[in-house]
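First up is the structure itself, then whatever we jot down about it.
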There are 2 protein chains.
Amino acid sequence: MNGSGVRGTVTMHDVAARAGVSIKTVSNVVNNYPHIRPATRAKVQEAIDELGYRMNLSARSLRQGRTGIIGLALPELSLPYFAELADSVIRAAEARGVVVLIEQTSADRQHELDVLTSDRRQLTDGLIFSPLELGPDDADALKVDYPLVVLGERIFGGDWDHVTMNNVDAARAATQHLIDQGRRRIAVIGAHAGETMGSAALRVLGYQAALAANGIPFDPDLVVEGGLWHRATGADCTNRVLDSGVKVDAIFGLNDALALGSLHTLHARGVSVPDEIAVIGFDDIEDAAYASPTLSSISPGREQIATMAVDLLLARIAGEDKPYRRVITDFSVVPRESTAA
Amino acid sequence: MNGSGVRGTVTMHDVAARAGVSIKTVSNVVNNYPHIRPATRAKVQEAIDELGYRMNLSARSLRQGRTGIIGLALPELSLPYFAELADSVIRAAEARGVVVLIEQTSADRQHELDVLTSDRRQLTDGLIFSPLELGPDDADALKVDYPLVVLGERIFGGDWDHVTMNNVDAARAATQHLIDQGRRRIAVIGAHAGETMGSAALRVLGYQAALAANGIPFDPDLVVEGGLWHRATGADCTNRVLDSGVKVDAIFGLNDALALGSLHTLHARGVSVPDEIAVIGFDDIEDAAYASPTLSSISPGREQIATMAVDLLLARIAGEDKPYRRVITDFSVVPRESTAA
DNA sequence: ACGCGTCTTTGCAACGATGTAAACACTACC
DNA sequence: GGTAGTGTTTACATCGTTGCAAAGACGCGT
């Protein structure tokens, strides 16, 4: 259809000439300016079609100061949770007419800081940021001059919108689910010592709350440290806790990757799940439903997080000036074989 | 550092004024034009630092006709293989100073066609495209006027570069691996009837070649159709072949998701792996190493694919005019528990 | 027929950078 | 001292679009 073919640089100028109107009228037609006589609109549209005109988005960006691109910064796509989150964000963005530029921070603090001030921010109208390493001390770095939506609960109290789930309650529900199956010696894997605001800390709090609510004493030996929430870490943590000799009848992986790594180790060591040890994860990634045995988990409402984040960001980009919001999404316990009775 | 603060729109103009040089000299400094007196460069650099100048990328894009963004079109990020591929592409791109805009096609033919002509192509300097549904008949649609690198083997013979693995040989190797373990009744799951050029068809060819080379008769009943290569499909295919009553001692999943779905079903039905049935997948996604039992697979050299694709694309963007290339990446068999002796 | 308000269309000046080609500066050499 | 050659800096037009404000067209009431 591209009439002229080779690198067809057809501009509004050409369209205007062809249609016998001014270039501004072409602009008005393209932008759906309401006051245009139908006949004029038709003429212009015809010229556009004949010439195969496509608007030059760089020019528009320069003029408007907007690119139509939003940024999404996350640790890495090879972590299934983030891949699925990115999937949802891209879909939500597409539905609203914008596209997504993804940046990976490799869960590296400096990299997370860099992303906030990178030249690439010029290319995006705003940023959805899911930090893993930044903490309350880095709040200043988040005081940026472009629309920002932060995912997760690591940092509060700044001029940005926040979308998060209730980690404490969700972890409490996960733990309660294990308790309901009669488990009492529940290990937690993937804890982060010294952290107070991150997902790890909050989920451990929920775990403790559930124990307390059921009159089960808290045993620090059951809390296993583990840095990156990868499968390998989960496998390792599980080995450590089993080797330590403490009695364990359930494992709560602070995310699904950890729990899947745990299943892997349990299988390798011939421990039967859920008979000897029940396992629950957190995030409800697609893998969970297909693990052997299938993995119980907490569904964090991924779609909802993505949709909210995009909507909040686009509202700020559009100039909304309401007070910054903190949105807490819904969660649910998804019981599967790994915690069956 | 951003001296002026609020939405600091510092332009080259401001820098030029501050440094007492012309705006073009600032441009020259920023772009590392060689013939600049050190004193001048220092003056300009100082002004840049003091004012916190950042170049407006939209303006540069308009002028140069380049955005510094490359597109990556793939079926969906929630498929681990593509998530990992995207991870690698983003890293390769970052190392070369460009960023990546990801578009999902949902493995939908129309969507795949749309992506090629979308307005978004204006935003990208070129596209890395991994089609799943387009076939040889769609070759014309790929005749686009921007740099394009196609991944996979579905469509050949056009004006674009191609990065692919040797699907036939790799599938032959996978099958040979099973045969080496003494398996003779090897089912293939995820085949696409009627397809001749896609990965499915090529991998089935490799499977047949291996059987032939070992004097094992080909039994069509062992070839199980399955559309989307998701875990659910693999689970379903496995149920079908087991229910059909044909004897099976091994399953070759045409990708890892299928094979993982298969493991799921086998586990659910109490079939022991690899004792009763051995399983091998294809792609070597991270999951494979953590499945229970761990899944043997074919490693397709993902890093290499990503790196080659980005390099080829950037070379075209830079104006390289050599004949179009077809790069075939290396693969290797990764034996794990699911095919242990 | 006149004036006024509303609907349509337009010209012009930006947005912020870079390519071109010319101007200027300085050395080196005859 | 003049000229060629190299190194350094500059003015200007231009990339393709949109905001602004004003001009032109049209309908209506009086």
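The structure presented is a predicted model; accordingly, all values stated were derived computationally and were not measured. Quick note on labels: first sequence line is chain A, next is B, and so on, each numbered from 1.
You'll find the side chain of B:Val163 stays beyond 4.5 Å of the side chain of B:Ile128, heavy atoms only. Under the 4.5 Å side-chain criterion, counting only non-hydrogen atoms from C-beta, A:Asp14 is in contact with A:Thr11. At a threshold of 4.5 Å between non-hydrogen side-chain atoms, the residues A:Arg91 and B:Leu77 do not count as touching.
Evaluation of the salt bridge (Lys or Arg N to Asp or Glu O under 4.0 Å) rule for A:Glu303 yields no partner, not counting sequence neighbours. Not counting sequence neighbours, the partners of A:Lys143 by the salt bridge (Lys or Arg N to Asp or Glu O under 4.0 Å) test are A:Asp140. Applying the side chain to side chain donor-acceptor pair (under 3.5 Å) test to B:Arg60 and every residue at least two apart in sequence or in another chain returns B:Asn31. For B:Gln64, there are no side chain to side chain donor-acceptor pair (under 3.5 Å) partners at least two apart in sequence or on another chain. With sequence neighbours left out, the side chain to side chain donor-acceptor pair (under 3.5 Å) criterion links A:Ser61 to no other residue. Not counting sequence neighbours, A:Arg63 has no partner by the side chain to side chain donor-acceptor pair (under 3.5 Å) test.
Residues in residues 21-59 of chain B take part in these ring pair (Phe, Tyr, Trp, His ring centres under 6.0 Å) pairs, two or more places apart or across chains: B:Tyr33-B:His35. Sorted by first and then second residue, the salt bridge (charged side-chain N to carboxylate O under 4.0 Å, His left out) pairs involving residues 27-47 of chain A (not counting sequence neighbours) form an empty list.
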Open item on the list: Generate the contact string for nucleotides 14-22 of chain C. Rules: B means base contact, S means sugar-phosphate contact only, - means no protein heavy atom under 4.0 Å.
Closed with: BBBBBBB--
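Checking B:Tyr324, B:Tyr146, B:Trp160 one by one against B:Arg316, the side-chain contact (heavy atoms from CB on, under 4.5 Å) holds for a single residue, B:Tyr324.
Atom NE2 of A:His35 and atom P of C:dT8 are 7 Å apart (whole Å). Between the CG atom of A:Leu57 and the P atom of D:dC15 there is a distance of 18 Å, given to the nearest Å. D:dT10 atom P lies 13 Å from atom OH of B:Tyr33, rounded to whole Å.
When atom types are taken as modelled, the side chain of B:Asp161 and the backbone of B:Val149 share no donor-acceptor pair closer than 3.5 angstrom.
Axis orientation changes by 50° from one end of the helix from C:dA1-D:dT30 to C:dC30-D:dG1 to the other, with each end axis drawn from 5 pairs and the value rounded to 10°.
Of the residues in residues 36-47 of chain A, not one comes within less than 4.0 Å of DNA chain D through any heavy atom.
Contact annotation: B:Thr25 side-chain N/O to D:dT10 OP1/OP2 distance is under 4.0 Å.
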Distances under 3.5 Å between protein N/O atoms and the N/O atoms of nucleotides 3-6 of chain D, please, pair by pair.
none

